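What you see is a predicted model, and the numbers here were worked out from it, not measured in a lab.
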Amino acid sequence: MSDQPPDRDAEAAVPVFFLSDSTGISAETMGNALLIQFPDVRFERTLIPFISTVEMAREVVAQLDEAMEGPVPPLVFTTAAVDEVREELLRTKAPIIDFFGLHMSRVEEQLKARGLREARRLHGVGDVRRYNSRMAAVEFAIEHDDGQSSRALERADVVLLAPSRCGKTPTAMYLALQHGLFVANYPLVDEDLETTDLPRPVRDLRERCFGLTTTVARLSRVRQERRPDSRYASEEQCRFELRRASAMYDTHQLPTVDTSAASVEEIAAVVIQTLARQRRRPGRPQSGHHLRRGRNDRS
């Protein structure tokens, strides 16, 4: 029996639309979480965010209905929260998966209360305090990227340690922007790797340190793109740095994650969960920011 529906050309790409009255991040995230389960199907993705009026929704419906005339019916995901906009979008002839409509009524039923049904409350500036905390976290991550500054380093929730090009910067920025965590990242260079001691700037922050590692082949390949045919990119140098970094992590019992085949979202999730477990243990020192909340309780 064929794994493909008989009425669909297995070679043709399926048009996929992500609709939202906000940024569309949630629609993309949830939609792609489903689509990734179909690795043999080719998709052509289109994001249409900020559908804020009924008139705009009607224009989108016309676009979707036109796509229905194509060789492959489109698949539509929406997280529109505003009732009038969502109801207009649902007029399309295209198959539509309404995440908000599917789940909001059940949540309201459980809570015995009606939600606000307003756009831009998750990824917008609706929660000003949370938004400002995230922006402060981003500024902190930029200032403390690649060991550029040790100013106020004690405010860090997380300190990422790794040799160059192991994924420190994108992980730090993601943790800051998405979770409001104050993250510093410190590059382990040859001088640091001569010993298994933690580098002096982060020596007193061991409980907040997290080691990143990767494979020799992956690191060499990434470095070749930056400095082709250099000692820095050679497998010998990469092997030395990764081996010495691992020895440092082991000496201080630092939690680690292999970034070679993990997405930044997966790496961030491992960091958050691991450090959250550590901080629940009695006697563990706390930073000025609670992990996952990204706010200073002293303010």
Y249 side chain to L212 backbone, donor-acceptor under 3.5 Å: yes
Separation of M248 CE from T256 OG1 (nearest 0.5 Å): 13.5 Å
Shared hydrophobic cluster, V222 / Y174 (ILVMFWY, side-chain heavy atoms < 4.5 Å): no
Over-ring placement of R227 relative to Y232, 6.0 Å and 45° cut-offs: yes
M173 and I142, any side-chain heavy atoms less than 4.5 Å apart: yes
Note: R165-E241 ion pair, threshold 4.0 Å (strictly below): no
T92 side chain to D65 side chain, donor-acceptor N/O pair below 3.5 angstrom: yes
Min side-chain heavy-atom separation P95-M68 under 4.5 Å: yes
Cluster overlap L160 with L181, hydrophobic side-chain contacts below 4.5 Å: yes
Heavy atoms of other groups near L102 CG, more than 12 under 6.0 Å: yes
Distance-only polar pair, side chains of S263 and E265, donor-acceptor under 3.5 Å: yes
Nearest heavy-atom neighbours spanning K168 and L161: CD-C, 4.2 Å
Spatial distance of atom CG (L34) from atom CZ (F77) [nearest 0.5 Å]: 5.5 Å
Least distance between heavy atoms, M135 atom then L177 atom: CE-CD1, 3.8 Å
Evaluation steps, side chain to side chain contact (heavy atoms under 4.5 Å, CB included), between R277 and Q273: CA-CA 6 Å; R277 284 195 299 270; Q273 294 302 318; 4.0 Å; yes
Polar side-chain atom of H144 near backbone of A152 as donor-acceptor pair, under 3.5 Å: no
hydrophobic_cluster_shared for F38 and I97, side chain cutoff 4.5 Å: yes
Test item: R45 side-chain N/O and F18 main-chain N/O as donor-acceptor pair under 3.5 Å: no
Under 3.5 Å: donor-acceptor pair, side chain of T29, backbone of S26: no
Rounded distance [0.5 Å steps], NE2 in H179 versus CD1 in I272: 3.5 Å
Minimum heavy-atom distance between D157 and R208, given as atom pair plus value: O-CB, 3.7 Å
Distance in Å, L193 CG paired with R243 CZ, rounded so as to fall on 0.5 Å steps: 10.0 Å
Shared hydrophobic cluster, V76 / M56 (ILVMFWY, side-chain heavy atoms < 4.5 Å): yes
Of V183, V257, N185, the residue whose pairing with F210 passes side-chain contact (heavy atoms from CB on, under 4.5 Å): V257
S220 vs E235, side chain to side chain donor-acceptor pair (under 3.5 Å): CA-CA, chis, key distance, verdict: CA-CA 6 Å; S220 177; E235 288 199 357; 4.8 Å; no
Derivation and outcome, side chain to side chain contact (heavy atoms under 4.5 Å, CB included), residues C238 and R223: CA-CA 9 Å; C238 293; R223 289 184 173 186; 3.9 Å; yes
Connected via hydrophobic side-chain network under 4.5 Å: L254 and V202: yes
Rounded distance [0.5 Å steps], CZ in R244 versus CD in E194: 9.0 Å
Shortest non-hydrogen separation from L89 to I96 and the atoms involved: O-CD1, 4.0 Å
Heavy-atom donor-acceptor pair, R203 side chain to L198 backbone, under 3.5 Å: yes
Full working for side chain to side chain contact (heavy atoms under 4.5 Å, CB included) between F17 and V60: CA-CA 10 Å; F17 293 86; V60 172; over 6 Å; no
V189/D192 under side chain to side chain contact (heavy atoms under 4.5 Å, CB included): CA gap, chis, key distance, verdict: CA-CA 5 Å; V189 298; D192 299 313; 3.3 Å; yes
Closest contact, heavy atoms only, A81 versus R86: O-NH1, 3.6 Å
Full working for side chain to side chain donor-acceptor pair (under 3.5 Å) between D98 and T78: CA-CA 5 Å; D98 177 11; T78 178; 5.0 Å; no
Exam field: side chain S149 to backbone E143, donor-acceptor pair closer than 3.5 Å: no
Side-chain donor or acceptor of E44 paired with backbone N/O of V16 under 3.5 Å: no
Side-chain ion pair, R91 and E88, N-O less than 4.0 Å: yes
Donor-acceptor under 3.5 Å (R155 side chain, F182 main chain): no
Nearest-0.5 Å distance, CG of residue L75 to CG of residue L64: 11.0 Å
Distance-minimising heavy-atom pair for A245 and L188: CB-CD1, 4.0 Å
Residue pair P255 / V270, side-chain heavy-atom distance below 4.5 Å: no
E55 atom CD: more than 12 heavy-atom contacts under 6.0 Å: yes
Under 3.5 Å donor-acceptor, D21 side chain and F50 backbone: no
